[in-house]
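Take a look at the structure below.
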Amino acid sequence: MEIQVLENKQEVAKTFSEYFAQLAKTKEKLHVALSGGSTPKIVFDYLAENFGTEIDWNKIYFYWGDERCVPPTDSESNYKMTVDHLLSKISIPDENIFRVLGENDPEEEAVRYGEVLENTLPLEKGIPQFDLVILGMGDDGHTASIFPNSIYLWDSSRNCKVATHPDSGQKRVTITGRIINQAEEVAFLVTGASKKEKVREVIKREGEFNSYPASMVNPTSGKLIWFMDKDAAEKIS
Ligand code: 6PG
């Protein structure tokens, strides 16, 4: 596990973008699972503004690690957030974008998207393998859309499952632990003081870390990198 502690969110965005651009150079095709949340917005803006022409987007294939079960035009949609902050600013072929169809029935879409992963990603030991999975971590220790109160979803034998947000009841499609831990690289993007306690517990394996889905991220043979600002890393520095 590698931990990068940066001064602030902008520095997280800069450092991650440089890492992403470098990773892209090493691959003929880069299959990436994107995350939602506020940190990726800053990262996507930075990527688009500073690497828009430096990266060959024709070799980048975007998927989502989780998506809210809402239409793609809904303000809650992770796809819409990605369009607003990145996809609308770069030149990437439509066929390189594998959107979760949030407007579909959640259970049907979880099955369909699981098959999309199966049919479009390289398989490693029979499991769809991303080159890079980008994850955030919630204040409660959730990651992707696997929440502590449904941590059993992590161990599903399915590629994707339907999750329910514990507060809003919003349905989401999320990739499961078998996909996340099969990735060649996993990048946690975690910023803000509200995360500092969970960061300490998850990284130091202390407190109730076992009850946080973020603690289950442990790539089978891949690399795990945490990109954090000082606020989030305060209790591990
Ligand atoms: C989502 C995300 C979610 C997010 C965390 C952290 O769809 O909301 O996938 O898992 O990564 O909630 O979000 P922040 O980046 O806002 O801290």
Side-chain angles (χ1 to χ4, degrees), residues 4-6 8-13 15-17 32-47 62-72 74-86 98-102 106 109-110 113 130 132-151 153-154 160-177 179-180 183 186-203 212-217 224-234:
Q4 299 234 16
V5 179
L6 290 315
N8 53 43
K9 294 176 192 261
Q10 276 302 326
E11 285 301 307
V12 167
T15 304
F16 174 80
S17 297
V32 185
L34 299 171
S35 169
S38 60
T39 308
K41 287 179 186 169
I42 301 165
V43 171
F44 294 166
D45 283 339
Y46 190 96
L47 259 179
F62 282 136
Y63 301 72
W64 278 263
D66 63 321
E67 178 59 282
R68 293 82 181 279
C69 295
V70 295
D74 190 296
S75 61
E76 277 286 298
S77 164
N78 286 339
Y79 168 79
K80 180 183 186 308
M81 182 274 281
T82 311
V83 168
D84 293 347
H85 293 271
L86 180 61
F98 295 87
R99 177 172 75 86
V100 177
L101 305 181
E109 182 58 15
Y113 203 66
F130 280 105
L132 173 62
V133 171
I134 299 171
L135 295 173
M137 183 184 72
D139 298 358
D140 60 357
H142 82 258
T143 193
S145 279
I146 302 180
F147 296 91
N149 69 341
S150 51
I151 196 167
L153 292 175
W154 180 273
C160 298
K161 292 291 283 183
V162 175
T164 304
H165 191 284
D167 301 328
S168 67
Q170 183 185 65
K171 295 293 183 189
R172 300 184 175 188
V173 171
T174 184
I175 56 176
T176 56
I179 297 296
I180 293 171
V186 177
F188 259 122
L189 301 180
V190 182
T191 60
S194 67
K195 310 292 171 76
K196 63 185 177 184
E197 189 52 38
K198 290 294 183 294
V199 163
R200 179 185 67 80
E201 290 182 89
V202 168
I203 286 183
Y212 310 140
S215 298
M216 317 290 274
V217 177
L224 172 59
I225 311 175
W226 289 74
F227 294 89
M228 291 187 275
D229 64 0
K230 279 184 170 178
D231 288 345
E234 183 188 320

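First listed ligand is number 1; within each ligand, the first listed atom is number 1.
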Taking side-chain hydrogen bond (donor to acceptor under 3.5 Å, both in side chains) as the test, write out the residues that go with Lys41, two or more places apart.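 So Lys41 forms no side-chain hydrogen bond (donor to acceptor under 3.5 Å, both in side chains) with any residue.
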Determine all donor-acceptor pairs shorter than 3.5 Å in which one atom belongs to a side chain in residues 134-144; sequence neighbours excluded.
residue : atom : partner : partner atom : Å
Asp139  : OD1  : Ser194  : OG           : 3.1
Asp140  : OD1  : His142  : N            : 2.8
Asp140  : OD1  : His142  : ND1          : 2.7
Thr143  : OG1  : Gly136  : O            : 2.7

Residues in the immediate environment of ligand 1 (any heavy atom closer than 4.0 angstrom):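 Within 4.0 Å of ligand 1, the protein residues are Ser35, Gly36, Gly37, Ser38, Thr39, Pro40, Asp66, Arg68, Asn78, Gly136, Met137, Gly138, His142, Ala144, Arg172, Lys195.
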Counterpart residues, side-chain contact (heavy atoms from CB on, under 4.5 Å), relative to Thr164 (two or more places apart): Lys171
When rounded to the nearest 0.5 angstrom, what distance separates OG1 in Thr191 from CG in Leu6? 10.5 Å
Can you tell me how far OH of Tyr113 sits from CG of Leu101, rounded to the nearest 0.5 angstrom? 9.0 Å
One pair to check against side-chain hydrogen bond (donor to acceptor under 3.5 Å, both in side chains): Trp64 and Thr82. What are the steps and the verdict? CA-CA 10 Å; Trp64 278 263; Thr82 311; 3.1 Å; yes
